[in-house]
Amino acid sequence: MRRTLALLLTIAAAVPLSAAQPVRARHGMVVTRERHATEVGLQVLKSGGNAVDAAVAVGFALAVTHSSAGNIGGGGFMLIRLADGRTTFIDFRERAPLAASRNMYLDAAGKATTDSTVGYRASGVPGTVRGLAYASQKYGTKPWADLVRPAADLASKGFPLSYAQAQSFHSGARTLGNFPESKRIFLRDGKFYEAGEVFVQPDLGRTLDRIARLGAKDFYEGETASLLAKDMKEHGGLITLDDLKGYKAIERQPMTGTYRGYSIVTSPPPSSGGVGVLQMLGVLEGTGYEKAGAGSATAVHYMTEAMRRYFADRSEHLGDPDFVKVPLTSLLDPGYIKRLRASIDPEKATPSSQIHAAKFDGHESNETTHYSVADGDGNIAIVTYTLNGGYGSKVTATGLGFLLNNEMDDFAPKPGEANMYGLIQGEANAIQPRKTPLSSMVPTIVLKDGKPVLALGSPGGPTIINTVLEVMVNVIDFGMNVQDAVNWPRFHHQWMPDELRMEPGYSPDTIALLEKRGYTVKPTRAQGECAAIAFENGWLLGAPDPRTEGTAEGH
């Protein structure tokens with residue numbers, strides 16, 4: 001079965017008058033941003049592949065059909081829970097090239113330049129191909145070529161563009177048009193694509209064909225690697241053959257925590273999301289905030305204050321755990337969380353100027369997309385991966401057909417000053433060679449009595465963390481079904497700037513009450529999608545997001 005949800009221009013209809021229903025299936029479920037990729041994943045499940053196989057195939061398919069974020073020129077995270085209860089986390093995030101340096105994006109006057117966001121110098125070493133290959137080899141069951149071939153065919157044979165995809169190309173023309181390959185491929189040299197036209201990408205098709213035949217080695221040591229390194233050298237980029245050959249995916253232990261009797265399995269550093277979700281849940285537990293009801297001024301107030309306090313800590317303490325000591329135990333210490341909770345005024349907003357990152361005595365050892373896959377045997381694989389900004393650095397690698405990331409801006413190009421998302425970040429996230437930039441991506445699985453209840457994740461820069469938090473509490477605390485929980489209008493606060501951004505759908509009375517409490521409320525059109533799967537009495541319930549063209553398919 002399949003549901004394709006039309007792109008909504010407003011989220012006002014997200015407040016359900018009657019319960020919206022998820023897609024239901026028993027033997028497998030795939031939820032992604034784009035229908036061709038969803039279909040690819042479902043076919044892998046139907047042909048006997050497990051959830052990891054399907055997740056790998058979807059990752060490659062989205063690199064073809066969701067150009068602004070799907071990628072082989074970026075990186076991300078995969079969270080896996082196997083049918084036997086084992087969990088693992090695969091970090092295939094981009095890394096800083098060997099030639100990177102702390103002040104590489106500062107001009108002679110010490111001011112940050114735009115080189116960290118646009119152009120060849122903005123790119124970290126891509127990790128997606130290595131990460132998907134690692135997952136396939138260790139946890140998959142099907143031959144590698146079977147997982148990459150559908151994406152190669154989509155690129156070489158083409159697929160009809162949706163209205164939203166065609167509009168996205170058009171909207172990106174101002175920046176994509178500055179780079180010849182991007183202008184040729186996505187803008188057709190100014191003859192813009194219309195909805196329904198078939199979009200063929202022969203260069204990308206050839207690249208994916210080589211990867212299908214030769215494996216990830218082609219991307220990191222073979223012809224693709226050589227062409228990418230040559231293109232970088234000719235255009236002032238930093239990525240070399242040594243950088244590519246030296247890239248390795250890292251398997252990490254997931255973070256775990258509890259909330260109201262539920263077990264949370266989530267993303268460890270270099271994700272800042274897992275510790276954030278766990279700290280914010282800890283702050284909320286015991287406040288009784290949920291008694292006021294979803295969407296009430298009181299519920300929004302307590303959740304916002306938890307967000308504000310975490311993002312202050314994030315600015316100071318989070319970074320790549322292979323380079324800095326991240327104080328996870330201190331950030332999640334029950335005593336510290338109790339102090340955070342006690343610092344919330346029940347009736348008034350706390351100005352962000354009065355909130356500072358905690359000082360601990362020592363340390364212990366946007367554009368993005370998310371998709372979720374579950375198979376009938378109980379395996380779950382959920383992936384958030386990214387180019388960072390929409391269309392990444394806007395550069396398409398010459399002759400290779402894929403866009404490059406602008407992930408270097410997720411470091412602190414100038415510690416203490418805001419990046420492209422307005423996030424203020426500290427020395428822990430300063431640039432160093434081979435270091436991984438801090439991420440907000442936070443694929444998460446919720447369990448009850450050892451059994452899966454919910455698997456979810458989101459794109460959207462720093463809003464990712466708060467979107468995952470909100471969908472989780474919509475299910476756990478407010479009793480929504482998974483589709484209503486995803487549809488519900490969202491809000492975001494990240495400490496600085498001191499503003500509460502809210503989607504349409506909240507009543508004027510609620511907004512007035514929040515402003516009376518001292519919040520500066522700013523409207524936002526949409527806060528990034530969520531792709532979720534719930535597990536209920538042997539059923540898999542897929543919930544795509546009406547904010548996008550997201551789809552869920554099951555069998």
Enquirer: Mind listing the closest non-hydrogen atom pair of Arg314 and Ser272 along with its distance?
Expert: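 Taking Arg314 first and Ser272 second, the nearest heavy atoms are NE-OG, 2.8 Å.
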Enquirer: Take Leu98 and Leu238 through the side chain to side chain contact (heavy atoms under 4.5 Å, CB included) test and state the conclusion after the steps.
Expert: CA-CA 8 Å; Leu98 287 166; Leu238 300 184; over 6 Å; no
Enquirer: Looking at Glu197 and Arg188, is there a salt bridge between them, counting it only when a charged N and a carboxylate O are closer than 4.0 Å?
Expert: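 Salt bridge present between Arg188 and Glu197.
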Enquirer: I'd like to know if Arg93 and Asp91 make a salt bridge, using a cut-off of under 4.0 Å between side-chain N and carboxylate O.
Expert: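 Not counted as a salt bridge, because no side-chain N and carboxylate O are separated by less than 4.0 Å.
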Enquirer: Classify the side-chain pair Thr32/Thr38 by whether it contains a donor and acceptor separated by less than 3.5 Å.
Expert: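 Thr32 vs Thr38: donor-acceptor pair found between side chains.
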Enquirer: What closest approach, in Å, do Val52 and Ala135 show between heavy atoms, and which atom pair accounts for it?
Expert: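 What the structure gives for the nearest pair is CG1-O, 3.5 Å.
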Enquirer: Take His370 and Tyr385 through the test side chain to side chain contact (heavy atoms under 4.5 Å, CB included) and record every step on the way to the result.
Expert: CA-CA 7 Å; His370 176 88; Tyr385 74 160; over 6 Å; no
Enquirer: List the steps and the verdict of side chain to side chain contact (heavy atoms under 4.5 Å, CB included) for Leu82 and Thr87.
Expert: CA-CA 6 Å; Leu82 299 173; Thr87 60; over 6 Å; no
Enquirer: Under 4.0 Å between a Lys/Arg side-chain N and an Asp/Glu carboxylate O for Lys138 and Glu251?
Expert: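 Yes.
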Enquirer: Between the side chains of Glu34 and Thr65, is a donor N or O closer than 3.5 angstrom to an acceptor N or O?
Expert: yes
Enquirer: Can Thr117 and Asn406 be counted as having a side-chain donor-acceptor contact under 3.5 angstrom?
Expert: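 Not at all, the side chains of Thr117 and Asn406 share no donor-acceptor pair under 3.5 Å.
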Enquirer: Considering non-hydrogen atoms only, spot the tightest contact between Asp320 and Thr436 and give its length.
Expert: OD2-N, 2.8 Å
Enquirer: Going by atom types only, do Gln165 and Ser162 share a side-chain donor-acceptor pair under 3.5 Å?
Expert: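 Side-chain D/A pair, Gln165 to Ser162: present.
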Enquirer: With Arg86, which residues qualify under side chain to side chain donor-acceptor pair (under 3.5 Å), at least two apart?
Expert: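 Counting only residues at least two positions away or on another chain, Arg86 forms a side chain to side chain donor-acceptor pair (under 3.5 Å) with Asp84.
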Enquirer: Is it true that Arg33 and Glu529 have a side-chain N and a carboxylate O under 4.0 angstrom from each other?
Expert: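 Yes, this pair counts.
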Enquirer: If you measure from the Lys or Arg side-chain nitrogens to the Asp or Glu carboxylate oxygens, is any gap between Asp209 and Arg149 under 4.0 Å?
Expert: yes
Enquirer: Charged N to carboxylate O below 4.0 Å: is that the case for Asp53 and Lys142?
Expert: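 No, this pair does not count.
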Enquirer: Under a 3.5 Å distance rule, please check whether Tyr371 uses its side chain to pair with a backbone N or O of Ala55 as donor and acceptor.
Expert: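 Judged by distance alone, yes, a pair lies under 3.5 Å.
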Enquirer: Search all heavy atoms of Val468 against all heavy atoms of Leu456 and return the closest pair with its distance.
Expert: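 Distance-wise, the nearest heavy atoms are O-CD1, 3.9 Å.
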Enquirer: Run the salt-bridge test on Asp203 and Arg206 with the 4.0 Å N-O cut-off and return the result as yes or no.
Expert: yes
Enquirer: Looking at the rings of Tyr193 and Phe186, which for Trp means the six-membered one, are their centres under 6.0 Å apart?
Expert: no
Enquirer: Please determine if Arg252 and Asp322 form a salt bridge, counting it only when a charged side-chain N lies under 4.0 Å from a carboxylate O.
Expert: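 Looking at Arg252 and Asp322, the cut-off is met.
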Enquirer: Determine whether the side chains of Tyr391 and Ser168 contain a donor N or O and an acceptor N or O closer than 3.5 Å.
Expert: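 Yes, side-chain donor-acceptor contact under 3.5 Å.
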Enquirer: Give a yes or no on whether a salt bridge exists between Asp189 and Arg184, defined as a side-chain N under 4.0 angstrom from a carboxylate O.
Expert: no
Enquirer: Do Phe89 and Phe77 have their ring centres less than 6.0 Å from each other?
Expert: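 Yes - the distance between ring centres of Phe89 and Phe77 falls below the 6.0 Å cut-off.
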Enquirer: Sub-3.5 Å donor-acceptor pair from the side chain of Ser68 to the main-chain atoms of Gly390, do we have one?
Expert: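 Checked: no pair found.
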Enquirer: Going by an N to O cut-off under 4.0 Å, is there a salt bridge joining Arg35 and Glu553?
Expert: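 No.
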Enquirer: Would you tell me whether Asp243 and Thr240 have side-chain atoms, one donor and one acceptor, within less than 3.5 Å of each other?
Expert: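 Yes, because at least one side-chain N or O of Asp243 sits under 3.5 Å from a partner of the opposite role on Thr240.
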Enquirer: Could you pull out all residues at least two apart from Ala100 that satisfy side-chain contact (heavy atoms from CB on, under 4.5 Å)?
Expert: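 Ala100 satisfies side-chain contact (heavy atoms from CB on, under 4.5 Å) with Ala96, Pro97, Met104, Met408, Ile431 once adjacent residues are dropped.
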Enquirer: In chain order, what residues pass the ring pair (Phe, Tyr, Trp, His ring centres under 6.0 Å) check against Tyr220, with sequence neighbours excluded?
Expert: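 Per chain and number, Tyr220 pairs via ring pair (Phe, Tyr, Trp, His ring centres under 6.0 Å) with Tyr247.
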Enquirer: Ignoring hydrogens and angles, tell me if any N or O in the side chain of Asn379 forms a donor-acceptor pair with the backbone of Asn50 under 3.5 Å.
Expert: no
Enquirer: Could you check Phe535 against Ile380 for side chain to side chain contact (heavy atoms under 4.5 Å, CB included), going step by step and ending with a plain yes or no?
Expert: CA-CA 11 Å; Phe535 304 80; Ile380 304 167; 3.5 Å; yes
Enquirer: Using side-chain hydrogen bond (donor to acceptor under 3.5 Å, both in side chains) as the criterion, point out the one residue from Gln494, Gln527, His492 that pairs with Asn466.
Expert: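 When Gln494, Gln527, His492 are each tested with Asn466, the side-chain hydrogen bond (donor to acceptor under 3.5 Å, both in side chains) holds only for His492.
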Enquirer: Of all heavy-atom pairs between Gly75 and Met441, which one has the smallest distance, and what is that distance?
Expert: O-CE, 4.4 Å
Enquirer: Considering non-hydrogen atoms only, spot the tightest contact between Thr141 and Gly49 and give its length.
Expert: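 Distance-wise, the nearest heavy atoms are OG1-CA, 4.0 Å.
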